[in-house]
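Predicted model, so just to flag it, every value in this text is computed and none were measured. If you read the sequence from its start, that first residue is 1, and numbering goes on from there.
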Amino acid sequence: SLLNLAKQPASTVQILGAEKALFRALKTKHETPKYGLIYHSSFIGRAQARNKGRISRYLANKCSIATRIDCFTEGAGTSAFGERLKEQVEERLAFYDKGTAPRK
């Protein structure tokens, strides 16, 4: 449910869908996966190979914030927060790609 997802930390959101690989890595003492289902996002696909982990972590943070906003705000019914979070992810992608500093 949305409440259970809102309670999860961003690091858990980042590797959702990769639980099998995570536990296998922990059991065999190998590297843990960087991303799960979030890897199929168009944001991750547009990032360069060396920045995929960074963008994955950043996108998971923003997804975590968005789920908390959706879950814990009553009657907001607006997409302003989601649009602003999407802009922030776009700015971060541009920063990693072209070096243009994101707004504060």
Side-chain angles (χ1 to χ4, degrees):
S1 75
L2 185 61
L3 180 62
N4 289 338
L5 189 60
K7 291 178 182 178
Q8 300 293 325
S11 59
T12 302
V13 173
Q14 182 178 350
I15 60 167
L16 279 176
E19 290 88 3
K20 188 175 178 181
L22 173 68
F23 292 124
R24 184 179 344 111
L26 292 174
K27 182 178 167 184
T28 60
K29 296 183 178 143
H30 285 81
E31 290 187 18
T32 57
K34 290 182 185 176
Y35 20 65
L37 292 174
I38 206 166
Y39 183 77
H40 300 294
S41 169
S42 63
F43 294 112
I44 307 295
R46 292 191 326 222
Q48 296 175 356
R50 65 178 185 199
N51 294 326
K52 286 187 189 283
R54 292 178 182 174
I55 290 296
S56 174
R57 190 169 50 250
Y58 192 76
L59 184 59
N61 286 329
K62 296 305 174 183
C63 287
S64 182
I65 291 169
T67 57
R68 290 172 187 158
I69 289 171
D70 285 348
C71 185
F72 299 121
T73 56
E74 296 176 9
T78 180
S79 63
F81 292 113
E83 291 169 3
R84 180 66 182 125
L85 292 172
K86 183 180 177 184
E87 287 174 14
Q88 290 176 353
V89 173
E90 294 281 357
E91 289 174 1
R92 185 59 58 115
L93 265 173
F95 172 67
Y96 288 139
D97 190 33
K98 301 172 189 142
T100 55
R103 293 180 291 177
K104 292 280 181 175

CA sep, side-chain torsions, deciding dist, call: R84, E87, salt bridge (Lys or Arg N to Asp or Glu O under 4.0 Å): CA-CA 5 Å; R84 180 66 182 125; E87 287 174 14; 3.4 Å; yes

Verdict with reasoning, R103 to E91, per side-chain contact (heavy atoms from CB on, under 4.5 Å): CA-CA 8 Å; R103 293 180 291 177; E91 289 174 1; 2.7 Å; yes

Applying side-chain contact (heavy atoms from CB on, under 4.5 Å) to Y58 and Q88, what does each step give before you reach the verdict? CA-CA 10 Å; Y58 192 76; Q88 290 176 353; 3.7 Å; yes

Run the side-chain hydrogen bond (donor to acceptor under 3.5 Å, both in side chains) check on R68 and S64 step by step: do they pass? CA-CA 6 Å; R68 290 172 187 158; S64 182; 3.2 Å; yes

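Here the CZ atom belonging to F72 is positioned 8.0 Å from the CG atom belonging to L2, to the nearest 0.5 angstrom. With rounding to the nearest 0.5 Å, the separation of CG in L3 from CD in Q8 is 10.0 Å. Here the OH atom belonging to Y39 is positioned 13.5 Å from the CD1 atom belonging to I55, to the nearest 0.5 angstrom. Between the OH atom of Y35 and the CZ atom of R57 there is a distance of 11.0 Å, given to the nearest 0.5 Å. To the nearest 0.5 Å, the span separating CD on Q14 from CG on L16 amounts to 10.0 Å. If you take OG1 on T12 and CG on L5, they are separated by 9.5 Å, rounding to the nearest 0.5 Å.
Scanning all heavy atoms of the two residues, the minimum distance from L22 to P33 falls at CA-CD, 3.7 Å. Shown here for C63 and V13, the closest heavy-atom pair between the two residues is CB-CG1, 4.2 Å. Summarising the geometry of N61 relative to A10, their closest heavy-atom pair is OD1-CB, 3.0 Å, with the distance given to 0.1 Å. In terms of heavy-atom proximity, A18 sits nearest to G36 at CB-CA, 3.8 Å. Of all heavy-atom pairs between I44 and K52, the closest is O-NZ, 3.0 Å.
Linking Ile, Leu, Val, Met, Phe, Trp and Tyr residues whenever their side-chain heavy atoms come within less than 4.5 Å places Y96 and I38 in a single cluster. F43 and L85 fall into different hydrophobic clusters, where Ile, Leu, Val, Met, Phe, Trp and Tyr residues are linked whenever their side-chain heavy atoms come under 4.5 Å apart, directly or through other members.
Atom NE2 of H40 has more than 12 neighbouring heavy atoms from other residues, nucleotides or ligands inside a 6.0 Å radius.
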